[in-house]
Amino acid sequence: MHRFLITAVTAAAVLFGAGPASAAEETAELPDIEWTFEGPFGHFDRAQLKRGFQVYREVCSSCHGLKRVAYRNLADLGFTESEIAEIAGEYEVEDGPDDEGEMYFREALASDHFVPPFPNDQAARLANGGALPPDLSLIVKARKGGADYIHALLAGYEDEAPEGVELGDGMYYNAYFPGHQIAMPPPLFEDGIEYEDGTEASIDQMATDVSTFLAWTASPELEARKRLGLKVLIFLVVLTGMLYALKRQIWSKVH
Amino acid sequence: MATPRWIKGTMDWVDYRLPVISFVEHHALEYPTPKNLNYWWNFGFLAGIVLVVMIATGIFLAMSYTPHVDHAFGSVERIMRDVNYGWLLRYLHMNGASMFFIVVYIHIFRGLYYGSYKAPREILWIIGVLILFAMMATAFVGYVLPWGQMSFWGATVITNLFSAIPLVGEKIVTWLWGGFSVGNPTLNRFFALHYLLPFIIFGLVFVHLWALHTHKSSNPLGVDIKGDEDVVPFHPYYTIKDLFGLGVFLIVYLAFVFYAPDFFGEPDNYIPANPLVTPPHIVPEWYFLPFYAILRSITFDIWFVPAKLLGVIAMFASIAVLLVLPWLDRSKVRSARFRPIYKQFFWLFLFDCLVLGYIGAQVAEEPYVTIGQVATAYYFIHFLVIVPLLGMLERTRPLPESISAAVTKRGKAA
């Protein structure tokens, strides 16, 4: 019985530890960042989310959409209703048809989803030398390494490709990107933005903040999930302990 | 404690007309169960619970899901973001699939170790294999529904297997797809099938239990129940043992749901399906990996039979061989406890399956290809050569007279 158990557990560890081999095996190892949202008590730092949103808005959003997030969701970051209305109001969305059958443009509302930078993929490719900047709503869940990867990619540009690497036209060297050639120019520069809360805008700071923000856009339920999980697991551990005691008591009469 | 007379009267009235109460008494309360079952016997009950959880969460997910290529991915994200506790339903369902396979694989290996498939439980075992097969079909079509990159490309790779069928293969694939590639008709029918199949599994489970209750549970000693001293009533002995096991299981299951919900998933499936971009490395869900390894292990034609067809045949044969296992294993002794040599080969076989699972996750290059071929060969050698030979040649240890004799002699149950 015990041998069976040990073997089964070891076997399971071998099986699950053996993740699929990455197709981009040679990409550099990701620096392991300590995120506030890791672990059973993980949570988002509201100030950091707001800074990350500022980086997204001032840097990323000129090419990358965030279409699964609505402006109303910004309430999670601590924005007030009027602030959200103001943010949304900076964008225009097509609506209609009106009573005369015409489509028209209006200011975006809190209920609208983030307005994408390009009307469609073709327009996005045209403006970006043929490359398509992906929507960032789920990017942290859609990449191996998650937030660590996003952070490493953003902060990991090198000025020049190492010797022997031929970069394609309009490509940049990034050791963390599969194939090491990326069409996105280095997006972050020291003090490239001025944080509203006065934090120093180093490349690493901005990369960390925006990765946190994108972790939130990918898993907006994260805090609720971990809080509920803790209650559920504590309840289950106590219940299971009591069930075990009852089982012992009932079975003590047999044998 | 005494039941009030009016309740007793009502129950008798109902039972006389529809004997549900005596049915429950007979099959769930008094049901005689070997007193020496160990914790490996918890997993059948757990599989039943997971099936119910999957159907319950699945029905609520279906209420908010849209099976259309343009809306499927978005509707799943809407469930995750805007439906009340939608993230919980979806993560329970996603991880429930992995838990279902973990629990069922343990249940199957328990059957292999203790010889639960032997007379008179052959049909019980065969129905179990059919349940596994139906589960695999359900899981496969279910994985396509979120319409991510892995959904689309997994569906493309697996449905393409049918093109290996000689002469009519291509036509069958077009027919399965409802078009000339995996597309909207495919997604529609997969959704319909994903809703249907669990109820077929439910029906199979009913027959599985019917067969089980006809000859009762086997047990770690593998000797038949000889009298009342060998058994205890299911309630309270096994109801409490199963409930305790359920508690432990839920802790594991929900720890994944709440703290590592994407542990079993592929990041690529959070990218919407794109028929124009093939992911660099297409992998099935972990529970299909051993079979995927067998499929890919045949890299050579034999005579006029192409490698692809052989691979498909090998993959289906790897499950089908389980159907005839009761006749491949001629040993009269059920439990591996009394089969010293079979016991060693059991562990070797388990190890082989894990190797296959590991190989299934690797890219198709050396040394993985050769290891996969050896492991595949061994998988079939185990069933077709080792098990039949052991049945004839192995010198088994003497069996105890009865369950109770063994249990009392040793002072405690296993």
Side-chain angles (χ1 to χ4, degrees), chain A residues 1 3-5 7-8 11-12 14-25 39-40 42 67-70 73 134-135 137-146 178 218-222 224-230 232-233 236-237 239-244 246-247 249-251 254-255, chain B residues 35 38-40 74 77-78 80-82 86-88 91 102 106 109 113 148 220 232 236-237 240-241 243-244 246-248 250-251 254-255 257-259 261-264 266-272 279-281 283 286 289 347 350-351 354 357-358 361-363 368 407-408 411-414:
Chain A
M1 163 88 187
R3 210 179 119 205
F4 199 166
L5 199 70
T7 317
V14 170
L15 183 67
F16 298 137
S22 165
E25 276 127 334
K67 64 181 174 190
R68 311 207 183 270
V69 183
N73 297 136
D135 186 274
S137 316
L138 282 164
I139 203 79
V140 165
K141 277 159 89 172
R143 293 290 182 276
K144 254 193 191 86
S219 311
E221 87 298 339
L222 183 139
R225 167 157 59 76
K226 292 187 172 183
R227 267 202 311 270
L228 181 59
L230 198 63
V232 168
L233 287 183
L236 274 176
V237 167
L239 175 73
T240 306
M242 287 177 3
L243 287 171
Y244 182 64
L246 190 56
K247 189 255 163 196
Q249 195 204 4
I250 287 172
W251 276 82
V254 196
H255 306 320
Chain B
K35 58 160 89 161
N38 57 32
Y39 278 106
W40 298 111
E77 277 308 310
R78 217 182 63 80
M80 294 297 289
R81 290 157 194 270
D82 291 335
W87 58 267
L88 181 56
Y91 279 152
I102 290 174
I106 293 174
F109 276 99
Y113 187 85
V232 289
Y237 295 102
I240 185 62
K241 196 168 177 177
L243 279 177
F244 165 59
L246 178 62
V248 174
L250 284 179
I251 289 172
L254 295 179
V257 167
F258 286 112
Y259 294 117
D262 291 311
F263 179 81
F264 295 104
E266 273 294 313
D268 267 12
N269 227 27
Y270 282 110
I271 304 171
H281 187 45
V283 274
W286 70 266
L289 290 175
W347 292 111
L350 176 61
F351 178 71
L354 296 172
Y358 174 77
Q362 306 305 315
V363 283
Y368 306 122
V407 170
T408 32
K412 58 176 181 166

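Small disclaimer: the values here were computed from a predicted structure and weren't measured. The sequence lines fix the lettering, A, B, ..., with proteins before strands; numbering per chain opens at 1.
- By the 30° and 60° cut-offs, the orientation of the rings of B:Phe244 relative to A:Tyr244 is tilted.
- Interface residue B:Leu88: only side-chain heavy atoms are found under 4.5 Å from chain A.
- Using a 4.5 Å cut-off between heavy atoms, B:Tyr91 touches chain A through its side chain atoms alone.
- For chain A, the nearby part of B:Pro272 is the side chain; its heavy atoms alone come within less than 4.5 Å.
- The nearest pair of heavy atoms linking B:Lys35 to A:Trp251 is O-CZ3, 3.5 Å.
- Side chain of B:Tyr259 to main chain of A:Arg225: no donor-acceptor pair is present (N/O by atom type, distance under 3.5 Å, no hydrogens or angles).
- Distance CZ/A:Arg227 to CZ/B:Phe258: 12.0 Å, rounded to 0.5 Å.
- When all heavy atoms of A:Leu236 and B:Ile251 are compared, the closest pair comes out as CB-CG1, 3.8 Å.
- Looking at B:Val248, both its backbone and its side chain come within 4.5 Å of chain A, counting heavy atoms on both sides.
- The two residues A:Ala142 and B:Ile271 have their closest heavy-atom pair at CB-CG1, 3.8 Å.
- Residues A:Val69 and B:Arg81 have side chains in contact (heavy-atom distance under 4.5 Å, counting atoms from C-beta outward).
- Of the listed residues (B:Gly247, B:Ala255, B:Gly148, B:Pro279), the one with the most heavy-atom contacts under 4.5 Å to chain A is B:Gly247.
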Before giving the answer on side-chain contact (heavy atoms from CB on, under 4.5 Å), spell out for B:Asn269 and A:Lys141 the whole-Å C-alpha distance, their side-chain angles and the decisive distance to 0.1 Å.
-> CA-CA 9 Å; B:Asn269 227 27; A:Lys141 277 159 89 172; over 6 Å; no
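- Atom CD1 in B:Ile240 sits 4.0 Å away from atom CG in A:Leu246 (nearest 0.5 Å).
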